[in-house]
Student: 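Before anything else, here's the structure in question.
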There are 2 protein chains.
Amino acid sequence: MVSLTPRAERLLKALIEQYIADGQPVGSRTLVKQAGLEFSPATVRNIMSDLEELGLIRSPHTSAGRVPTERGYRFFVNTLLAVKPLNTQDVASLEDRFLTDQDPQQLIESVSGLLSQVTRLAGIVRVPRRAGVGFLQLDFLSLSPTRVLVILVAQDGQVMNRVIHPKRPYSPAELQQAANVFNGAYSGRSLEDVRRSLVKALRRDSEDMQQILRSAVEMAHQVFAGDERGESPLFVSGESNLLAFPELSDTEKLRRLFDAFTAKQDLLHLLDQSMVSQGVQIFIGAESGYEALESCSVVTAPYEVDGQIVGTVGVVGPKRMSYDRVISIVDLTARLLSGALSHGQAG
Amino acid sequence: MVSLTPRAERLLKALIEQYIADGQPVGSRTLVKQAGLEFSPATVRNIMSDLEELGLIRSPHTSAGRVPTERGYRFFVNTLLAVKPLNTQDVASLEDRFLTDQDPQQLIESVSGLLSQVTRLAGIVRVPRRAGVGFLQLDFLSLSPTRVLVILVAQDGQVMNRVIHPKRPYSPAELQQAANVFNGAYSGRSLEDVRRSLVKALRRDSEDMQQILRSAVEMAHQVFAGDERGESPLFVSGESNLLAFPELSDTEKLRRLFDAFTAKQDLLHLLDQSMVSQGVQIFIGAESGYEALESCSVVTAPYEVDGQIVGTVGVVGPKRMSYDRVISIVDLTARLLSGALSHGQAG
DNA sequence: CCTGGCACTCAGAAAGCGGGAGTGCTAAGA
DNA sequence: TCTTAGCACTCCCGCTTTCTGAGTGCCAGG
C-alpha cells in the first residue's frame, strides 16, 4: 500500500473530488483556487508529479491537467473517502419505498429502478435463486379441459405459476386430490430437495404410485423445469442515465456496455462474486475483469433474508461517480431490502 | 394522394430501398447502376427533381444524393411496398417461441425480447389491462402469523399475488373458510365487477356480513388496490440495438429516445391508439406526434384473446428500417401471440 | 523546501485548400 | 417531346496549417 504525506493526500482528494464534479482534467491553478490550498500552483505541480510517478494520476496529454487513474480511485475509496451519512430526507424517501405490501419478487425487481432513480446511474439487482427456498404449497386449477394452471408457492411468499397441458382431461376433484397428496409429501422441504425427489420419482415410475400422484409429479416437474431454464435472475434499470456522461459516449464502448446489460452474463458473475462477502463492494474499471465494464465502476451490496445472503443490489456508473453518495445509497438500500424481506417484519 | 408515373414510382421505390439498405444519400448514377434502370443518370435527375417538388425526397445539401422524406416513406409503405411473406425458416423460428407452456403474463412480456432479437430493433409490448378479465379464484396462504399471501387467479390464467399484513392473526382454517365464501360469491365475475362490489361492501360494512368474510373482502381489496396503482403495462427490449444506427447517434436525441423508453408515457399512448383498429399500423417519424420519436418509425399490431383486442406488440427503429420485413414479423408475432393466449388452444 | 518566472508542449478551434460526388442547365439527338 | 451527353457549379469532406491558451517542467532566487 502506498503511503503519502498528508499534504499529498489532501491534494489527491481535492483533485479527485474536483474531477468527479466536472469531468475535466484538473490543473494546478484550478486546484489551488478550488480547494483553497495555501501553497502555490508550482508546489502543487511538484506534488502532482510525485502522484503521477506513483500511478495515482496521469495526464491525458502533455498540457492538460491531471486525471485520476484506477489506482488513484482505488486509493481514494480505500483511504480518503469519508462516507458521510445521507441526509435525512434521502433516507426518508428511500425508506418510503419499502413500506408497500408488495409481492417480494416484485419488491426486489423494483429496487433496480429505485437505485437508478436516486443515483441517476444504472441500477442492478440480483434476484435470489429459488432452489434453496422451502416449498410451501402446490395448487392445480383447471382453466379449461386441456389447460391446467399450476401455482407453486415458496415459503418466502414467492409465487411461480405456469399453464400446462396434460395429456388427458382431469376433473377439479382429481386435481384437488393430486395437490393434496403432493403437498402432504413435500410441503416444507426445499425446492432443490423436491426437485431431486421428483426426478427420482419419475425415473423409478413405480407401480405403487397412484396415477393421479404421478400426474401431479409430472406437472410439478414441468413447473420446476421451467424454473430451471427460467428467466434471468438479474434486473437492470436506468441504463439511459449513462448516456449523460460524455466519457461513456463513445459509440462502440457504449454498445458493448449496453450489450452487457442485455446479455447479463458478465454482470451476473460480478454480482455472484459480490455475494460471497458482506457489505459494500466496489469494482473500479478493469478491476471487474470485464471488458465491457472497463470504463465503469460498479458498487454492490448483498442483501439477506433472515440472516442469509440471497442476492445483491448495485449500481453501474462512470468511474467518476460520487462514491460517497453512491456507497451510502447502495448500502442503505441493501439493508432496507433485507429488512423488508425478512420475517417477523410488520407491515 | 399524389399520383406518379410508373417510372417515377419505380425510381422512388428503388431509391428508398437503396437508402434503407445503406443509409447514404443516393445519387442518380448509383441509382441507375444499382437498380439496373434502362435510362440515363440525367433522366433520373429530372425525375428526382419532380419527386423533390412533390416533397417525397430531398437533398441534405446541394451536392449530395437524395434522401426520402417522411412523406416519401409514407407513400412507399402505402403504395409501393409489396409485403413479401417471411421465409419459412423465420416463420418456424418464431412459431417455436410460442410453443412453451408459459404463464401468459410471462409469455407476453417475453415477446418484446423476441421482437427485438429477430428485427434487431427495439421491441415493445403493451400488456393487457386486467380489469376486464374474469375472476376465477382467490386463495389465502398463511406465511407467518402476521403475513398472509393472497393469490388471485384470473380466468385467463394470470396470477397476481401479494403479501398482506392483517391486523390480527388468522388460523389456516379461518383463511380457508374466508376464501371459500369469497370464491362462492365472486367466482366468474369480471375483475372490474368484483372490484366495484368490494368497494360497495366495504362502505356499507353491514352487520350481517360475517367477520371472516369481511376480512376476506378487506384483504382482497388490498390486492385489487395494489393492482390498480400497479406496474407499468409496457415492456421494452433491445433498446441497445438502436445504438447501431448512425442516424440515431446524436447524443441529445438518443437521450430523449431512451428517456421515452423509461418514462413509457408517450409509447403507451401510441400503443393505446393502435389498439383501436385491427392490423399492422405504422407511424413514421413525426407522425407519432411525439418529439422523442421523431427520428424513429414505430410498427405496431394489436393482439387478441378470444377475438377481443387486449394489447399491442411493436417495434421501434430508425425511419430507414426494412418495412416489409418488420411488418411481416410484427404481424405474425401478433397473430401467434393471439393464438397462444386464446382458449381451446392445445399445447 | 517553497515559489515566481519562463520556455515548451500539445490539444483543439479556426481557417484554408483541393478533390470529388452530385447537381442543374443547356443543347443536340431520337 | 422526351432523352441524353456535356459542362459549369456547388458544397461537403478530409486534409493540412496556423494560432491560441492551458498547463507543464524546470530553474534560480528567496
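Only this structure's heavy atoms are used, side chains among them; waters, hydrogens and symmetry mates stay out. We name chains A, B, ... by the order of the sequence lines, and we start the count at 1 in each one.
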Student: Quickly work out the B/Leu51 CG to C/dG24 P distance and round it to whole Å.
Tutor: 12 Å
Student: To the nearest angstrom, how far is A/Arg29 atom CZ from C/dC6 atom P?
Tutor: 14 Å
Student: Does B/Arg7 make a side-chain N or O approach to OP1 or OP2 of D/dT3 shorter than 4.0 Å?
Tutor: yes
Student: Apply salt bridge (Lys or Arg N to Asp or Glu O under 4.0 Å) to residues A/Glu239 and A/Arg255 and explain how you reach the verdict.
Tutor: CA-CA 11 Å; A/Glu239 302 95 315; A/Arg255 203 170 150 60; over 6 Å; no
Student: Reckon A/Ser59 touches a base, only the sugar-phosphate, or nothing at all at heavy-atom distances under 4.0 Å?
Tutor: nothing
Student: For A/Ala64, report the nucleic acid contact type (base, sugar-phosphate, nothing); a contact means any heavy atom under 4.0 Å.
Tutor: sugar-phosphate
Student: Could you tell me the separation between the CZ atom of A/Arg45 and the P atom of C/dT9, rounded to a whole number of Å?
Tutor: 16 Å
Student: Starting the side chain at C-beta, find the nucleotide from D/dC11, D/dG25, D/dT4 nearest to B/Asn46.
Tutor: D/dT4
Student: Of the listed nucleotides (D/dT4, C/dC10, D/dG25), which one gets closest to any side-chain atom of A/Arg66?
Tutor: D/dG25
Student: What's the CE-C1' distance between B/Met48 and D/dT3, to the nearest Å?
Tutor: 16 Å
Student: Nearest of D/dT3, D/dT24, C/dC2 to any side-chain atom of B/Thr43?
Tutor: D/dT3
Student: Roughly, in whole Å, what's the span from CG in B/Leu31 to C1' in C/dT23?
Tutor: 14 Å
Student: Send over the distance from A/Gln24 CD to D/dG21 P, rounded to a whole Å.
Tutor: 18 Å
Student: Do A/Arg126's NZ or CZ and the ring of A/Phe235 fall within the cation-pi criteria of under 6.0 Å and 45°?
Tutor: no
Student: Would you mind telling me which residue lines up with the more 5' stretch of DNA chain D, B/Glu38 or A/Glu52, judged by nearest nucleotide?
Tutor: B/Glu38
Student: Compare the minimum distances between each of C/dG4, D/dG25, C/dA11 and the side chain of A/Ser40, then state the nucleotide with the smallest one.
Tutor: C/dG4
Student: Which nucleotide in the set D/dT4, C/dT23, C/dC10 lies at the smallest distance from any side-chain heavy atom of A/Ser63?
Tutor: C/dC10
Student: Determine whether more than 12 heavy atoms belonging to other residues, nucleotides or ligands lie under 6.0 Å from atom CZ of A/Arg120.
Tutor: no
Student: Would you call the rings of A/Tyr290 and A/His269 parallel, tilted or perpendicular if under 30° counts as parallel and over 60° as perpendicular?
Tutor: parallel
Student: Measure the distance from NE2 on A/His61 to P on C/dA13 and round it to the nearest whole Å.
Tutor: 11 Å
Student: By nearest atom, which of the nucleotides D/dT24, D/dC11, C/dT3 is closest to the A/Ser28 side chain?
Tutor: D/dT24
Student: Can you check the A/Asp50 CG to C/dC1 C1' distance for me, whole Å?
Tutor: 13 Å
Student: Assign the ring pair B/Phe258 / A/Phe258 to parallel, tilted or perpendicular, where the plane angle (0 to 90°) is split at 30° and 60°.
Tutor: perpendicular
